[in-house]
Amino acid sequence: MRVLRSGAPQLLAFAAVLLADRLASPQFLAVHLQDGRLFGSLVDVFNRGAPVALLSLGMVLVVATGGIDLSVGAVMAIAGAVAASLADSYPLPVVLAAALGTGLACGLWNGFLVASLRIQPIVATLILMVAGRGIAQLITEGRIVTFASPDLAFLGGGALLGVPMPVVLVLVMLLLTLALVRGSALGLMIEATGGNARASALAGIDTRSVTVAVYAWSGLCAALAGVVAAADILGADANNAGLWLELDAILAVVVAGSSLLGGRFSLWLAVLGAFIIQAMNTGILLSGLPPELNLVVKAAVVLAVLLLQSPRLSGLTLLLRKP
Amino acid sequence: ASLTVGFSQIGSESGWRAAETTVTKDEAKKRGITVKIADAQQKQENQIKAIRSFVAQGVDGILLAPVVATGWDSVLKEARDAKIPVILLDRDIDPAGKDLYLTAVTSDSVEEGRVAGTWLTKTVGDKPCNVVELQGTVGASVATNRKKGFDAAIAPHANIKLVRSQTGDFTRAKGKEVMESFIKAEGGRAICAVYAHNDDMMVGAIQAMKEAGLKPGKEILTVSIDAVPDIFKAMAAGEANATVELTPDMAGPAFDALKAYKEKGTVPPKWIQTESKLYTAADDPMKVYNSKKNLGY
Amino acid sequence: MSDSVLLTVRGLSKSFAGHQALAGVDFTLRRGEIHALLGENGAGKSTFIKTLTGVVRRDAGEVWLDGEPIAPRSAEAAARAGIATVYQEVGLLPNLTVAQNLFLGREPTRFGLVRNREMRRRAVALLADFGLSIDVGAPLGRYPVAVQHLVAIARAVDLSARALILDEPTASLDTHEVTVLFGVMRRLAERGIGIVFVTHFLEQVYAITDRITVLRNGRLVTERETAHFPRIELVHTMLGHDLAETEARVEQADRPARAGSGTPVLQAEGLGKAGYLQPIDLTVGSGEVVGLAGLLGSGRTETARLLFGAERADRGRIRLDGKPVQIGGPRDALRHRFGYCPEERKTEGIVADLTVRENIVLALQARRGPFRPLGRAAQDKIARDFITMLDIRPPDPERPIGLLSGGNQQKALLARWLATEPRLLILDEPTRGIDVGAHAEIIRLIRRLCDEGLALLVISSELEEIVTYSDRVIVMRDRAQVAELAGSAVDLTAILRAIAAEAAPAPVPEPA
Amino acid sequence: MSRNLPVLVAALLFAAGYCLCATQFPAFLTTRVVGNLLTDSAFLGIVAVGTTFVIISGGIDLSVGSVVGFTTVFLALAIERWGIPPLAAFAIVLGAAALFGAAMGALIHVFEMPPFIVTLAGMFLARGAGFLLSTESVPINAPLYSAVADLSLSLPGGGRLTLTAGVMLAVFLVGGVLLHATRFGATVYALGGSRHTTALMGVRVGRNTIAIYALSSLLAALAGIVFSLDTASGTPLSAVGVELDAIAAVVIGGTLLTGGQGGILGTFLGVMIGGLIQTAITFDGTLSSWWTKIATGLLLFAFIALQQGSVALAGRSGRAARPRAGQQPVVRPAEARP
Ligand SMILES: Nc1ncnc2c1ncn2[C@@H]1O[C@H](COP(=O)(O)OP(=O)(O)OP(=O)(O)O)[C@@H](O)[C@H]1O
Ligand SMILES: Nc1ncnc2c1ncn2[C@@H]1O[C@H](COP(=O)(O)OP(=O)(O)OP(=O)(O)O)[C@@H](O)[C@H]1O
Ligand SMILES: [Mg+2]
Ligand SMILES: [Mg+2]
C-alpha cells in the first residue's frame, strides 16, 4: 500500500494518458486473444514500451548515483547487431550470452570512465553514444542484418500465457533488479552515493564499485533491450535501433520521480514511466492526427505529466498520500 | 593523371544509403578514381564543412548527396570560385543554384511516388480501396515528394481513399509499430492497401500484418519504394506486391560525366535522370534478390 | 534608546506535515540589544528565524519592524527590509571567491561591469575587522568551515541595516575568533542595531547577551534579562526537566579526568604527508580518551583524515595492537574497526535525502558489504535504540535526516559510528551545535565507551571540554605536533601555553 | 591558476592536435583551413555560449538545436512568404525565442521542475512548431542574404574570415564579458553553486533563472539567423542534435556539468577541438560512415582522457594550497530541501 501511495502521481498520470487514448480511439481498451497471444492497443502499449522499460531499469540506477547514461541507444544497436549476426549459426543461449556480454562490457567501459577516470557522466557516455553506433554499423556494415532463427524471434514476437515475450522479459528483469538491488544493500548504497558521495565514501561505502556496477547493469539492460528490438523486426538495424531512446529512458526515469541529481529511486515507477511515455506515443499514432503534430502533442503531454508531479502542485497528490 | 574526387555522403541511415556508398567506391575503383568520402551523419552543416575542406584540399571534383534541397549557394560558390566542378547525387537542390553545379544525377522522387500510385490505381481498378500510408521522416524532401507523387496519382480515382498517414521514420521498427496502430485503429480487414515511402518500413509493416493474422500481399496490397533486396524476398514469398526502384548507382554516371568534362571539356546535361523502375511479383523476385544482395544493402 | 522596540513578533506558527515546529511564538527585539534565542536541539530556533525572514512560509503570526508590519516572502525581501541573517547551514557558495561571496548581488560596478579590484579591496577591509587576512580571490570552498562561517557573518554584518540574526555563528569558531566576533557584535549593538544570537554555549550567552528568550518544543517558555537569569535555572528552563535531575546530569559530565589504563590500540609513527601535515607520533590506548587541541588550521582535522585513510599518508606508519597495518582508504579503516565522525556535517556526514534509520546503519552496512544486508527488523532496532539512547528528536527513524535540526543530525551521525561498535573512534568536533542536555549526554557517552574499552581520539575547539574528558592531550600548531600533556598535566593553562608558545599573543578565553 | 588549469590543458591539447594534423595534412598550415574552422564552428559556437551560461548555472538546455531549426524555417517563411523585411524578421524571431526561453526558465523556477525535462519538452515543442510551419526546406532569396553571403575579410593566403565567424567571435567576446565581469555573471556562478544558498543570500533566483534560459534561447535564435544567412534557406530539420555537440564542447572546455565552475574561453576551445576532430576526419577521407563515428568517439575520448590526466597530475604536484580532495571535484554542500 505504501508502495502504491508513493507512486500516486505516476499512476494518476498513466490513468490520464490511457483515458486520453481511449478518447482518441474507441477500441483502445479492447483486448482479445489471437493465436495464443493477447491482441489490442493496450497490449501494444506494453509491448512497444518494453525496450524503453528495460532501458529505464538500468538508467534509473545510474541516475540514482547522480549520473546519466547517454549510450544506451547505441548499446542497443551493438547488442542487436551481435545477436542478429550470430542468431543463425549458434544456439540461443550463446547468442544471448554474446549480446548481453557485449552490453555488459560497454557498461563496464562507461563505469570505468566515470568512476576511475572521473570523466563527467554525460560526456563519458557521449563517447560511447557516438562511437557505439559506429561499432554497431561496423558489425552490420551499415545494412540491416536479418536472421531466421525462430528462437531469437520468439523473444520479440512470441508470447508466454498470452503475454508478449518483451513484456515478460520486462517483468523478469524488474523482479531480478528488485531482488538484486532491494534484496541486498546495494539499493541503499546507490542512494547514499547519489545523495552524498563524499559522505558515503567516508562511511566506508565503495562508491567506485557502486558506480561501475550501475553502469554495467545499465549496459546489460540496454543489451537486452537491443536483443528484443532486433528480435521484434527479425533483423538488426544498426543505423536506427535505439536511436534517441536514451532520451525516452531518461524521461521515463524523471517521470518516475527520480531527481537527476541522484538519490532516491524506484524501479517499478521507472518501468511505469516508460509505459506512460509509450501510452502517449501509441495514443498519438492512434489519433490519426497529422505527423507534423506528433512532437507538439508529445511536448504538451510531457509538460502536463510533469506539472502533475510538481512539488508546487502537489496538493492533489498530498490528499491521496494521506492515509 | 588520376582524379581525386570528394564525396559528401549524407550518412548511413538505411541499407540503401550503405549500398550507394559501396557502389560509389566500386565505380571509382573501376575508373581508377581516388574518392574521399565524408560522412555527414545526416547534418547539412557537416556537409557544408566537408565541401569546404574538399575545396581546401584542392580535389578535382566534388560529389554531393544533399541532405536538404536548399542552403547550398554560398558553399557551392566557394567551390565554383576554386574551379572545382560539383555533381549532385541522388537528390536535387533548389533551382536558384542551377549554375552552381555541373550536373545532377538523380531520380525523380515525385515520379517514384507517382509510379507507385499508378500501379495501385491500375491494380484496384474501380473497387473501393482504403489506403494507409507510412511516411518517411517528417521534413525530409524525399518523403514530401514521394507523398506528393502518390497523392497526385490517386487523386483522380475517387474509389481510392487515403485513410491514415503517419511517419515511420524510414525504419523497420517504426514501420511495424505504426502499422500495428493502423490495424487497430482501422480494423485490419478495412485496409485495402499499404503505401510505404521505403521498403524498410514496408518490411516492418508486413510483419505487423502477419502478427495480426492478416495476409499481406493477398488481403492487403503493398507498394513501396527503393527496391532493396529484402522486399524481393517478401515478394517471392507472396507477401509484397510492388516496389519502385531507386538505383544505388548514381556515382557511375557522375564519374563518367566528370571525366568527360575534365578530359574533353564536354558539358553534360543539367540533369541525368535515373530510371524509376517498377518491380512486381512478375519480375522473378528471387533473381533480382540474388543480383542485389551483394551490393552492400 | 536601547529600550525602544525594533522588532516585534506575535503568534508566529509553523507546522511541517503535521509536526508543529512553532506554536504561536511571541518575541521582541530592542534596538541596540543582543538577544539570545535558546533552546534544545529541535526546539524550533532555526525554524523561527526562517519563518521570520520568509524563507519558510509562515502559517500564522505577524511581524513588525520599527512599527511597520512586514511579511517578507524570501531572504532577499527580508534583507531589503533591513534584516540580515546568517543561517545555520553555512549560507555561502564554496565555488565563488571570498570577495564574490561577500558582495554577491551588490558588487561595486562601473558601466555595468564589476570593479574587481575595488571589490577585493573592500573585502580585505571588511574581513580585517574579523582578524581574517586571507586571499579573498581564492574560492571560499578552499577554506575550513570556520573561515567560511566568519565570511558569512562578515557579509551579514556588512548588510545589516537594522537587525542582525545569527544562527549558531560560533559553533565552528575557536575562542579567539569568538572574541573577535563579540567585539564586532558589541560595536554593532552600540550603533543601535538589534542582534538575535542563537548558541548552545552558555558561557557565550552570559558573556555577551542582554536578554534571553527560551523556546521549547516550538513554544515560547520565557523571556528574561540575562543578568537576572541564573545559569542553572536557564538550563532547567531549556530542558524542562526538574531541577535536581538537571543538576545531576550536568554534574556527571563535569567529573574530573581519570587516568587511562589500556594497552595501546593505535600507534601512529611519523605519520604525515608532504604539504599537508608534518609527521606526528600518536598513541591511543583502549579505554583512553586522547584530545587533539589547537587553533583553527592547526592540523587537527588533517591528522584525523590521515589516520582514517580519507587522505593518503606518504610517510610514517600505523600500528594496530602493535602490528603494522595498511590503511589505504576509509574502507580499510572500517575493516579495522575505526570510526570517524567528520566535522563538516553537511558535506561529509549526512546523506540528506536518506532517512535517519538509513543514515545510522550506513557505516555498519558498508562494513558488512552489499550482499549481507541488515534485515529491516535489525535496522529498525538499531535505529530505535540509538534514537532513544541519544535522544534524537523527533524520534521518527523514517524522517529524511535533512529535515532534522542541526544538533539532531549530529547525534545521528554519532549513532552511525557507534552502531559499528568501533575499537577506535575519531570524533571531529562532536559537540558542535549540540544543546546542553545532549552535550552532557555525549560526554557521558564518551566516558562510558571508554569504560567499555574503546579508544577515542577527540578533536574539539572547546578546550574546557577537552580538559574534562581527556586522559591525554596532544597540542597542534601549524600542522605539526607541538606538545603532549598527560595525566595531571592536562589543564587549560597548560594547553593554552603550548598553543601560544612562540606564537602570536595568546588568545584569551571568554570569561565563564 | 588551478581553476584555469582545464582551460590551459584544453588549449595545449588543441595546439598539439593541430600541429599533429599539420604534419599529416600540410593544408592545415594555410589560412584557408583556419578560416574554415572558424566559419564552420560559427553557429555551434554561438549556441555553445548560451549553453555555457546554462550549464554553469547548474542547468541544461536541450532545446537549442530545435530553436535553431525553428528559427531558420520561420525566417524563410517570414521573408519569402509573408513579406516581412529580413531585419524585422530577425527582431521578431529573437524576441520570440527569448520569450520561449523565459517561459522554460519560469517553469523550471516556479514549478521546481528539472531543467533536463522542461527543455526536453521545449525541444519537442520547438521542433514540432518548425514542422507545423513547413515540412519542406524553403530557400531565401532576399537581397540582404546574397549581400551578406559575400561579406568576408580576406586573409593572406586564400583564407577568409566570414561574417558568420565574426559574429561568433563577437558573441564569445560579449558572452565572456557578461559572464566574467557583470553582476549577472556572478549570479550565474552562484546559482550553479547552490540555488538554495543563493536564495538565502538574498539574490532573486527566479528572475536570474528566467534570464539565463532566455539568453540561451536568444543565442540559439541568433545561431539560427547565422545558419540561415550561411545557407540562405530554412529547414525544420536543421541542427538536430546540436544541443549535445554544444554540451560536449562546453564540458571539454573544462566547465563542470554540475554547475558553478567553468568559463567562456574553455567553451571556445571545446568548440574548436570538436571542429578540429571533424576537419581531420574529412581530410583523411578514407573512413566509412561507421569508422567516422568510431574515430570521432575515440578522438573525443583521447582529448578528454589526456585533459583529465594532465589536470590530475598538475593538481597533485601543485597542491600546496589545501583543497581537501574529496570524492568529487566540486564542493557541493548537500542542501536541505526547504
Ligand atoms: N523542512 C522541514 N520539514 C519538516 N520538518 C522540519 C523542517 N525543518 C525543520 N523541521 C523540524 O522542526 C523542528 C525544529 O527544527 P529547528 O531546525 O528549528 O531546530 P533548532 O532549534 O534550530 O535546533 P538546533 O539547535 O539543533 O539547530 C525539528 O523537529 C525539525 O525536525
Ligand atoms: N584565521 C585564519 N586565517 C587564514 N587562514 C585560515 C584561518 N583559519 C584556518 N585557515 C586555513 O585553514 C587551514 C587548515 O584548517 P583545518 O580546518 O584543516 O584545520 P584544523 O586544525 O582541523 O582546524 P579546525 O578543526 O578547527 O577546523 C589552514 O592551513 C589555513 O589555510
Ligand atoms: Mg538550528
Ligand atoms: Mg578541523
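Just so it is clear: chains get the letters A, B, ... in the order the sequence lines come, proteins before strands, and each one is counted from 1. We use all heavy atoms of the structure for the numbers below, so side chains are in, but hydrogens, waters and symmetry mates are not.
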Thr171(B) and Asp237(A), any side-chain heavy atoms less than 4.5 Å apart: yes

Contact origin within Ser287(A) toward chain B - heavy atom pairs under 4.5 Å: backbone

Which atoms of Gln207(B) approach chain A - backbone, side chain, both or neither, heavy atom under 4.5 Å: side chain

Distance, nearest 0.5 Å, that separates CG of Leu285(A) from CE of Met179(B): 12.5 Å

Rounded distance [0.5 Å steps], CG in Asn240(A) versus CZ in Arg172(B): 10.5 Å

CA sep, side-chain torsions, deciding dist, call: Gln41(B), Arg133(A), side chain to side chain contact (heavy atoms under 4.5 Å, CB included): CA-CA 11 Å; Gln41(B) 323 275 343; Arg133(A) 194 159 293 282; over 6 Å; no

Proximal component of Gln137(A), with respect to chain B [non-hydrogen, under 4.5 Å]: side chain

Spacing of OH belonging to Tyr297(B) relative to CD1 belonging to Ile144(A), to within rounding of 0.5 Å: 12.5 Å

CA sep, side-chain torsions, deciding dist, call: Gln166(B), Leu286(A), side chain to side chain contact (heavy atoms under 4.5 Å, CB included): CA-CA 10 Å; Gln166(B) 198 21 287; Leu286(A) 287 171; over 6 Å; no

Side chain, backbone, both or neither of Ala212(B) within contact of chain A (heavy atoms, under 4.5 Å): both

Heavy-atom pair count under 4.5 Å with chain B, highest-scoring of Thr282(A), Asn47(A), Thr140(A), Leu234(A): Leu234(A)

Separation between CD1 of Ile284(A) and OG1 of Thr167(B), rounded to the nearest 0.5 Å: 12.0 Å

Contact origin within Val138(B) toward chain A - heavy atom pairs under 4.5 Å: side chain

Side-chain touch Lys184(B)/Phe39(A), heavy atoms, less than 4.5 angstrom: yes

Residue Leu289(A) versus chain B: region with a heavy atom under 4.5 Å: backbone

Any Lys233(B) side-chain heavy atom under 4.5 Å of Thr146(A) side chain: yes

Part of Ser41(A) within contact of chain B (heavy atom distance under 4.5 Å): both

Rounded distance (nearest 0.5 Å) linking atom CZ of Arg48(A) with atom NZ of Lys176(B): 5.0 Å

Selection from Ala18(B), Ser181(B), Gly15(B) maximising heavy-atom pairs under 4.5 Å formed with chain A: Ser181(B)

Heavy-atom contact with chain B under 4.5 Å, split by part of Arg37(A): side chain

Which portion of Asp44(A) sits near chain B, non-hydrogen atoms under 4.5 angstrom: side chain

Atom pair CG/CZ of Asn239(A) and Arg17(B) - distance to nearest 0.5 Å: 11.0 Å

Largest heavy-atom contact set with chain A, pairs under 4.5 Å, which of Ala185(B), Gly11(B), Ser12(B): Ser12(B)

Minimum side-chain heavy-atom gap Arg143(A)-Lys293(B) below 4.5 Å: no

